[in-house]
Amino acid sequence: YIVVEYCLFLWLVCTNQQPSSNTSSNTSSSFNTSSSPNSSLTNMSTFESKEEHQRQPRSRSGRFPSSSTTSISSCSSPLLNLNDNGLPVVYGLSEEDIKDGFRLFFMNKHEEAEEFFDEHKGSVLLFAMGKAAILWLWALLSQEDEAIERAIAQSQETGEYAQRVLKEIRPRRWFSSAPPRDNDSIHCEVISAQSTLLTATLQVLSGKLIHKVKAGINIKSVVGKYAQLEKDAFEAEEQWVKPQTLAMVQFGVGIFNLVTSVLPPRIRKLASIFGFPTDRAKGLRFLREAFLADGVVSPIAGLALLIHHTTLQSGFNEWNYKYKKDAQEIFDIADKRYPNSGLFHMTHGRYLRLCRHLHGAQHSFNIAIDVQRQWKPLVDMAIYEKAFLFMCLGEYEESVRLWKDLYDTNDWSKIFYAYMGATCHLAAGNDDDALDLFERIKSHEIRQLHGRELPVDRFASRKVAQYITDEKICLVVPHLEVMFVWAAFLHMRKDHLEKAKEQVVAARRREDLNLEQTAVLDLLEGALEFQLGNFNNANTFLSRVIAKKKDIKKETWTIPYAHFELAELYKTIDRKFSERAKEHLGKAMHKSQHNFDTRLHFRVNLLQYQEKHADDLELGEFSLDAMSETISRSDSTSHHELESIEGKFDDGHEETQLLTKKEYTAREEEEDGKEEEDNDIESNNNDTDEEKDWFAGINEGAKRTCL
């Protein structure tokens, strides 16, 4: 073997080739690469001429980048040509050019992004990974079979590419230990792991059984890879992993921990037994660090965090207020890095909706539509969000128009779009138009997506079959029922909650109400009273639903939802997860025939996890009563005011001062003296006998909240 190495060295000298400054093993791998039939490796600048190496690359903007941005680290293989920051050195591109190229997709320039990656994906491993990532994201949003197959092919090709490069820079030999791990090997391994993970997620969506089996095998293999990568990158005494490579490791480990932590408790426990990481706190922390690193994975890391903060959360309150602050931090940074990004405006609209700033949310969704009209899946998502937004605002005619647009142009669920349009027609008083859309539902078949029936299709079809007969509509406030299940009451202002309550009260005057319909009205009115702060009335209506549980046969879904609302109510009154709150939360896991059990169970699991891991997630920093803050804060931002914040990821409102636990306690002690003086007057004037019974056993702080 030594003789062969020496002959190779003599050959390099005789042919005027400059030997690498690395070890002899790297020299050997360079020779093998030059004779390899793989086109992706032969295109690399392994044996560029001496003059071409000495010529300084010019950036895309025409400027000569500084030497610090183009210098190749002495320990980097010529196959990767990574600089000290961990980015590849590409002739004609500066480091900032490469970062800008990876931002193109998130700045509404999808075709330019594909062209950027296509130009160098055959010779630069990181660019091949970038192409796989944008195809993967496109496939997830479009759900089209052709897009999924194309993304799977690119991800598999990238994984094979990474493995070939890894074998070249870190060859394994018989009867010798493996070479020491370095940044280049970590770079290849993390890209290989990410490619396998992207492939596995798309294989799950394909719907074929064989693909699902392959996905399980791939995911299990990725778990071990990320565990080893985390150990190599973070447990070493000296930090030798370069910043961009480290950010990719953080992103992969963070995504794995975050996704597995939102699984149902039993599945999560089983996953942890098989070695899957399920630490949500670590996942959020690693994703945040990857986002702040301003690297090639930063945009996707930021979007992953925002999905957790604005989509998985039903609303912001004192128990998860930290997520609101974290989301605003991400938007502040994204406003500078990715100005006018359609994807970030979409999540910003969700954020403002959770803050009850409905007009601001509408403005963000409009921007998302305007800047990304070429990407129809995102436009349809924004229209979908706007349709629910107009329902929250009580503008049912506008909502009907949007649902009709989706019905005519989007194939995701014709049944659900028709049902939502019909319920809005019904709320607007257009009974004939509503009946026409209800009849259309009967002509559509329940759609199957990836081998399973859509829950929304099953729900709407069941409702129409049970309550639309002989041209008679027997549904009661069906639009409020769907809004309640979608947690829209948590996003509505006080005046809109009052109008919704008036609709429920008016529906009670119908003479043809049966017990099932009364249970639905009790649940809706109890939830509305809870959001309005009328806790006594909320307890009364929700308790009525549970009292009828033996008699309810059709609308059995009202029972677990009533338990969930009571759990939230008692948690708010007791200002902690009391025993009665936990008891009702456990009963909310009851199975029903509503077709949306998964939605409720997810909210239950999320609440239980946050209660159990509140210290790890750092959720106990604020004790302000967020409900009273969000309801009392007006949402009166005019369109003229919104013009001044166009393109900015903020809410256009002055923030209410937040109090820590110590500050809140100090304020309570300061007010105790004043409350003692007025205690007798308040008890005589405000407390009825019924209220005194209700307040029995409640501490003084909770009593002030209820009053």
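For the pair Lys220 and Phe274, the cation-pi test (distance below 6.0 Å, angle within 45°) is failed. A cation-pi contact links Lys554 to Tyr467, judged by a cut-off of 6.0 Å to the six-membered ring centre and 45° from its axis.
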_Candidate pair Trp403 and Phe388, rule ring-ring contact (aromatic ring centres under 6.0 Å, His included), full reasoning_ = CA-CA 9 Å; Trp403 289 122; Phe388 268 106; 5.5 Å; yes
*Evaluation steps, ring-ring contact (aromatic ring centres under 6.0 Å, His included), between Phe416 and Phe459*: CA-CA 8 Å; Phe416 184 69; Phe459 161 75; 7.5 Å; no
*asked:* Checking Phe316 against Arg356 for the side chain to side chain contact (heavy atoms under 4.5 Å, CB included) test, could you report, in this order, the C-alpha distance in whole Å, the side-chain angles of both residues, the deciding distance, and whether it holds?
replied: CA-CA 9 Å; Phe316 293 132; Arg356 303 184 194 248; over 6 Å; no
*Show the numbers, then the answer: is there a side-chain hydrogen bond (donor to acceptor under 3.5 Å, both in side chains) between Arg350 and Thr310?*
CA-CA 6 Å; Arg350 283 284 309 175; Thr310 66; 5.1 Å; no
*Begin from the C-alpha positions of Leu523 and Phe541 and carry the test side chain to side chain contact (heavy atoms under 4.5 Å, CB included) through to its verdict.*
CA-CA 7 Å; Leu523 175 63; Phe541 286 116; over 6 Å; no
*Hey, mind stepping through His308 and Leu284 against side chain to side chain contact (heavy atoms under 4.5 Å, CB included) and telling me if it holds?*
CA-CA 9 Å; His308 173 268; Leu284 294 174; 3.8 Å; yes
Check: residues 498-505 side-chain donor-acceptor pairs under 3.5 Å, at least two apart:
{"from": "Lys501", "atom 1": "NZ", "to": "Glu529", "atom 2": "OE2", "distance (Å)": "2.9"}
{"from": "Gln503", "atom 1": "OE1", "to": "His479", "atom 2": "NE2", "distance (Å)": "2.7"}
{"from": "Gln503", "atom 1": "NE2", "to": "Tyr396", "atom 2": "OH", "distance (Å)": "3.2"}

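Counting only distance, with no hydrogens or angles, the side chain of Ser221 and the backbone of Asn218 share a donor-acceptor pair below 3.5 Å. Of the possible donor and acceptor atoms, none in the side chain of Asp279 sits under 3.5 Å from a partner among the backbone N and O of Asn257. Here the side chain of Thr201 pairs a donor or acceptor atom with the backbone of Leu198 at under 3.5 angstrom. Thr556 places no side-chain N or O within 3.5 Å of a backbone atom of Lys553 that could act as its donor or acceptor partner. A donor-acceptor pair under 3.5 Å is absent between the side-chain atoms of Glu565 and the main chain of Ala527, judged by distance alone. The closest donor-acceptor contact from the side chain of Gln517 to the backbone of Cys474 lies under 3.5 Å. A distance-only check finds a donor-acceptor pair linking the side chain of Asn320 to the backbone of Gly315 [under 3.5 Å]. Proximity of a side-chain donor or acceptor of Thr347 to a complementary backbone N or O of Phe344 within less than 3.5 Å is detected.
With hydrogens and angles left out, the side-chain atoms of Gln610 and Gln313 include a donor and acceptor closer than 3.5 Å. Remark: the His491 side chain and the Arg353 side chain contain an N/O donor-acceptor pair separated by less than 3.5 Å. With 3.5 Å as the limit, one finds a donor-acceptor pair spanning the side chains of Asp380 and Asn410. Checked by atom type, the side-chain pair Ser314/Arg603 shows a donor-acceptor distance below 3.5 Å.
Listed by chain and residue number, Tyr384 satisfy the side-chain hydrogen bond (donor to acceptor under 3.5 Å, both in side chains) test with Trp486 (two or more places apart in sequence, or in another chain). In this structure, Thr518 has no side-chain hydrogen bond (donor to acceptor under 3.5 Å, both in side chains) partners at least two apart in sequence or on a different chain.
Open room surrounds CG on Asp615; 12 or fewer heavy atoms of other groups in view lie less than 6.0 Å from it. Within a 6.0 Å radius of CZ in Arg599, other residues, nucleotides and ligands contribute more than 12 heavy atoms. Enclosure of atom NZ in Lys549 is not indicated, since only 12 or fewer non-hydrogen atoms of other residues, nucleotides or ligands lie within 6.0 angstrom.
Contact check on Lys282 versus Glu230 returns a salt bridge, with a Lys/Arg side-chain nitrogen under 4.0 Å from an Asp/Glu carboxylate oxygen. The pair Lys548-Asp522 meets the salt-bridge criterion, with a side-chain N (NZ, NE, NH1 or NH2) lying under 4.0 Å from an Asp/Glu carboxylate O. A salt bridge links Arg493 to Asp495: at least one charged side-chain nitrogen sits closer than 4.0 Å to a carboxylate oxygen. A salt bridge is absent between Glu329 and Lys325; no separation between the charged side-chain nitrogens and carboxylate oxygens falls under 4.0 Å. Salt bridge status for Asp574 with Lys571: absent, with no side-chain N to carboxylate O gap under 4.0 Å.
Counting only heavy atoms from C-beta outward, the side chains of Val476 and Leu513 approach each other to under 4.5 Å. Taking the side chain as every heavy atom from C-beta outward, Glu611 and Trp319 never approach each other to under 4.5 Å. Side-chain contact between Gln250 and Phe291 is absent, with no heavy-atom pair separated by less than 4.5 Å. A heavy-atom distance below 4.5 Å is not found between the side chains of Leu263 and Phe276. Within the 4.5 Å cutoff, the side chain of Tyr323 has heavy atoms near those of the Leu617 side chain. With a 4.5 Å cut-off on side-chain heavy atoms, Arg580 and Ile573 count as touching. Counting heavy atoms from C-beta outward, Phe286 and Leu258 have side chains that stay 4.5 Å or more apart. Within the 4.5 Å cutoff, no side-chain heavy atoms of Thr598 are placed close to those of Pro455.
If you look at Phe564 and His584, their ring centroids are not closer than 6.0 Å. Here Phe484 and Tyr561 bring their ring centres to under 6.0 angstrom of each other.
Using cut-offs of 30° and 60° on the angle between ring planes, the pair Phe530 and Phe535 is tilted.
Applying the side chain to side chain donor-acceptor pair (under 3.5 Å) test between Tyr351 and each of Gln328, His309, His357 identifies Gln328 as the sole match.
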